Amino acid sequence: MIRAALLAAAAAIAIPAAAQEARQTANFNAPVKSFGRVSYDARSLMIDGKRTIIWSSEMHAFRLPSPDLWRDVLQKMKASGFNTVAFYFDWGFHSPKQGVYDFSGIRDVDRLLTMAEEEGLYVITRAGPYVNAELTRGGFPGWLVNQRGRARTDDPEYLAASDEWLTRINAIIARHQINGDGKGNRGNVILHQIENELALTTPAQRRYMDHLYAKARADGINVPLFHNDQGRNGYWVPEDSKVEKTVPGPNDMYAFDGYPGGTCTVNGKPTRGSAAPDWGYYGPGGAKGGASASPNTPGFLAEFGGGWFDYWGSNGGYECNAIQRGKRFQRVFYGTNLANGIGIQSFYMGFGGTSWGWLPAPVVFTSYDYGAAFSETREVRPKAEELKQLGGLIAAVPDLAGMVPAGPVQISTDKVQVYHNKSPETDARFLLVTHKPSNGQTSDRFTVTADLPDGRYTLPMQLDGFDAKWLVAGVNLGGQRLVYSTSELQTLLKQDGGDIALIYGREGEAGETVLRYASAPKVTVLEGGATSTFDSAKGDLKLNYAHRGLTRVRISGGGRPDLLLLIGDEAEGAKFWHVGDVLVRGPALVRSAKIKGSALALTGDTREATPLEIWAPASVRNISWNGARVTGASLPGPADFSLPALTDWRVSRGSPEAAPDYDDRDWAKIDNRPYASITARADGQPNMLMDAYGFHEGDVWYRGRFTGTPDAQRLRLHYGAGGSGLVQVFLDGNLIGQDEIPAGLPRPLTTGAPSFALPDAAHAPREHVLSVMVRNNGHNWDLDADDFHKEARGLVSASIEPIAGPSFSVPIAWKIQGRAGGEDIADPVRGVPNNGGLDGERRGWHLPGFDDRGWKRYTVPGNQAPSGTIWLRTSFDLAVPKGQDATIGLAFGDTSKPRSPNAYRVLIFVNGWNMGQFIAHVGPQRVFPLPEGILNHRGRNHVALAVTADGVRGNGLEQVKLVTLRNVRGGIPVRMVAAPSTPSELKQVD
Ligand code: GAL
């Protein structure tokens with residue numbers, strides 16, 4: 001009776017004028033816009049008409065070249081409370097050559113989207129054409145670098161190129177939309193992004209945006225389209241927004257990105273430099289008003305910091321990033337967003353993965369761990385446990401979607417603020433309790449007095465250090481009525497007619513929960529300590545307890561279904577997994593729970609022997625865990641396993657291109673082909689850029705012939721090679737010098753202009769050969785839409801000249817060679833990022849099946865490597881116990897230090913896959929995780945290392961060893977990724 005009356009009252013409540021502190025920034029009267037099953041108004045997104053909070057995080061399948069493992073990550077996301085995953089797609093990853101596209105194997109986007117749907121996640125697709133993402137060329141293909149037309153404009157040449165990509169990727173996405181494609185295909189894609197942070201807003205960009213919008217629609221994309229503004233600038237807001245100083249665009253929805261809240265760059269320690277911004281209801285209005293810039297669409301953060309990238313030469317920031325944007329930060333910042341009406345939030349990254357091969361942009365090295373919730377090794381980081389608690393609340397209280405400000409509350413201290421929101425439909429409340437400012441770190445005890453749906457109440461509260469509490473009040477939870485709780489709700493489930501609620505709080509803190517009943521219920525404390533009082537006038541049952549371990553209280557009668565109230569401290573809460581109709585306590589991960597008749601089949605992971613407790617419907621009689629019947633009250637942990645030492649190394653000399661008599665007959669002559677780079681070059685010079693000759697990734701070699709003369713005193717080079725790139729110069733077979741581009745942030749240097757003294761030998765009046773290797777560590781991104789990705793790579797110019805005297809240069813006849821086949825790649829299975837143009841790569845020395853029996857033995861560590869590149873190969877067997885999921889990595893030298901005194905660099909090939917680049921003296925990455933599927937966990941493996949050094953004593957390869965980075969019992973089945981094994985299996989391209 002009471003409940004019915006309350007509901008009726010709630011339904012009659014009109015949306016209030018914005019509360020005092022809340023500046024109204026959204027048009028709550030905006031009409032609902034529908035795109036099939038997806039619709040929205042100013043308050044929230046709706047799916048099938050139901051208001052839904054989109055709680056998303058990002059992963060890049062191209063950064064995990066083992067497709068079976070995509071499912072592992074998706075399952076971990078789902079289990080950690082996300083209901084959505086966001087995917088970027090990397091145009092260049094799929095297209096080695098204009099007109100050539102590949103969506104097979106590791107590039108199987110269709111399979112990825114199917115998996116996401118199977119795992120029950122909604123999908124946000126972000127298909128470029130430009131994505132940024134710390135990728136070489138920001139995701140543009142190599143061949144686009146040669147295009148004269150300016151990218152990210154309406155230049156017809158660029159539009160034709162990007163349409164090529166969009167036609168193909170959109171066709172795949174269209175089949176996976178929640179609305180279906182009209183041809184019987186359907187999936188889970190709910191939102192689609194058409195460009196990325198396009199901050200240049202000239203008419204040419206507007207026409208480009210219009211084109212992209214029309215293209216997506218023509219390709220059958222029928223969900224809302226959006227663009228992610230770089231910040232809350234009001235760029236490309238929907239036409240009808242009519243807010244001054246915003247830039248209108250064709251998009252349906254307005255989204256923006258944000259990475260506020262401190263850094264890790266000071267001493268490698270997290271800073272809490274700024275408070276969580278009010279980018280919505282509680283913030284300033286106007287063009288900078290986020291939600292207000294587009295008053296008719298809901299608050300939408302397409303990217304919000306879930307970590308940060310790390311760069312060449314740092315001290316190793318990922319563990320710090322995981323903490324900086326980790327526990328507490330998530331509560332404070334993501335909670336402030338939610339309170340501000342930002343009901344669509346996607347965290348960048350959820351899983352960062354590996355920028356393997358030549359994927360990285362110059363700003364980053366191989367690991368793209370990002371400090372994300374799921375580490376590069378696929379570990380569920382502690383911060384993911386907090387996300388599970390927050391996502392659990394969002395799932396348990398649908399009233400949270402579409403809330404609006406509810407007016408101020410009284411707080412007994414000015415050190416604390418409370419964001420108080422309500423659902424206009426149900427009057428349910430959300431109270432975000434955090435410091436004022438929210439990065440405050442004091443310890444405070446205080447009270448919060450508020451007019452809640454069930455009356456005026458005073459909540460005794462505590463906030464210790466940087467933190468926020470996500471409280472709900474006046475909500476119906478299953479058959480229960482929660483008046484308020486100072487504990488946070490983690491999850492709720494119905495079982496056998498009763499309810500189970502799990503609430504939690506900071507360890508040792510007092511908690512108070514008030515539930516409403518028609519008459520006094522029976523309260524039984526099953527475990528731990530809690531006291532209760534019943535106020536019969538109001539019908540309030542008040543429970544008091546401390547959050548310590550697990551307290552269990554059964555409440556029955558009082559006119560409601562039975563309630564099992566589980567009260568945990570935070571760590572205890574983190575042990576619970578709510579999957580389907582069951583609640584499980586104990587394992588490190590629960591992936592799935594399927595009930596068939598009386599059988600419950602659970603799958604998941606354990607890190608150690610783990611007690612197991614399950615709340616399942618009474619009909620369940622027997623339980624299995626990963627296929628084995630559960631008999632006792634605990635699950636076994638993983639067995640240890642040993643890794644072989646890498647001792648049996650073989651060596652072969654690389655850099656044969658340096659030899660004067662090397663046969664370069666098949667190499668391309670440097671000529672005057674069109675020059676599209678933004679890098680200026682001297683008049684009359686030929687076009688020496690590697691890209692012009694179809695070589696976009698990795699290493700490229702030049703050979704230049706000249707006739708010796710006393711004027712040949714020095715060689716001046718201008719070259720582009722990306723972050724920490726390298727050039728090595730040989731004269732007649734001898735290294736005369738090398739140049740490395742120094743690491744540095746925020747914009748790393750990417751080009752160099754060294755000068756090398758030529759030895760007297762160059763004066764001899766005969767033919768000499770200069771051999772120059774340029775290692776291209778990635779093309780720039782095009783963040784500012786200024787064609788920065790077209791900065792020169794390879795040699796821009798080279799001149800041999802006298803040191804003093806008249807300006808004069810010795811003529812040189814140049815040739816160039818790069819990756820086998822250029823844009824016609826020899827290994828389409830491993831694809832674009834895998835290979836550059838080292839001679840060993842061209843011969844397939846990196847492949848597992850290459851016969852190295854003729855190679856000499858070599859001892860690692862090798863104090864001295866000859867100048868240039870040497871190739872080392874070894875093989876080993878692994879025997880990871882069945883039913884265990886491990887991540888094994890390759891470690892170089894002293895892993896306790898970010899860099900080595902030895903100057904050398906290594907390209908790491910594992911079973912033929914280029915799994916990254918180690919630069920010993922630059923760092924910081926010394927350990928390279930190798931995903932299963934690339935690595936054979938139960939069988940033979942081959943590693944090939946291309947070690948490049950200057951020949952100076954000491955600059956040799958340090959100890960190389962295998963390390964176990966993670967080991968659990970569980971996981972999912974992973975097959976080896978099929979790929980060419982021997983050189984003869986490569987496409988004959990030359
Ligand atoms: C954003 C961009 C992403 C990524 C991120 C930083 O501005 O949209 O692609 O680059 O920054 O990791």
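Ligands are counted one by one from 1 in listed order, and the atoms in each one are counted from 1 as well. Bear in mind that the values here come from a model prediction, so they are computed numbers and not experimental data.
- The protein non-hydrogen atom at the shortest distance from atom 10 (O) of ligand 1 is Glu134 OE2, 2.5 Å.
- Using bins of under 30°, 30° to 60° and over 60° for the plane-to-plane angle, the ring pair Trp356/Phe93 lands in the perpendicular bin.
- In terms of polar-atom proximity, defined here as any N/O pair under 3.5 Å, Phe309 makes no such contact with ligand 1.
- Polar contact with ligand 1: present for Ala133 (N/O pair, distance under 3.5 Å).
- Atoms of ligand 1 found under 4.0 Å from any heavy atom of Trp308, numbered from 1 in the order shown, are 6 (C).
- At a heavy-atom cutoff of 4.0 Å, ligand 1 is contacted by the side chain of Asp257 but not by its backbone.
- The CH2 atom of Trp312 sits 12.5 Å away from atom CD1 of Ile741, with the distance rounded to the nearest 0.5 Å.
- Around OH of Tyr122, the count of heavy atoms belonging to other residues, nucleotides or ligands within 6.0 Å does not exceed 12.
- Ligand 1 places these atoms under 4.0 Å from at least one heavy atom of Tyr370: 6 (C), 12 (O).
- Residue Val131 has at least one heavy-atom neighbour below 4.0 Å for each of these atoms of ligand 1: 9 (O).
- Protein heavy atom nearest atom 5 (C) of ligand 1, with residue, atom name and distance: Tyr259 OH, 3.5 Å.
- Geometrically, ligand 1 and Asn196 share a nitrogen or oxygen pair separated by less than 3.5 Å.
- Listed by number with element, the atoms of ligand 1 under 4.0 Å from a non-hydrogen atom of Tyr88 are 2 (C), 3 (C), 8 (O), 9 (O).
- Between Asp219 and Ala174, the shortest heavy-atom distance links the atoms O-CB, 3.8 Å.
- Heavy atoms of Tyr130 found under 4.0 angstrom from ligand 1: none, in either backbone or side chain.
- Between the Lys383 side chain and the Gly306 main chain, a donor and an acceptor come within less than 3.5 Å of each other.
- Under a 4.0 Å N-O distance rule, the pair Asp369/Arg381 qualifies as a salt bridge.
- Classification of the Phe304-Phe329 ring pair by plane angle, with boundaries at 30° and 60°, yields parallel.
- The protein heavy atom nearest to atom 1 (C) of ligand 1 is Glu303 OE1, 3.0 Å.
- For ligand 1, the atoms lying closer than 4.0 Å to a non-hydrogen atom of Tyr368 are 12 (O).
- Contact atoms of ligand 1 toward Glu197: 1 (C), 2 (C), 7 (O), 8 (O) (distance under 4.0 Å to a heavy atom of the residue).
- At least one donor-acceptor pair under 3.5 Å links the side chain of Gln324 to the backbone N or O of Gly261.
- Ionic pairing of Glu303 and Arg126 is present here: one or more N-O contacts between side-chain nitrogen and carboxylate oxygen are shorter than 4.0 angstrom.
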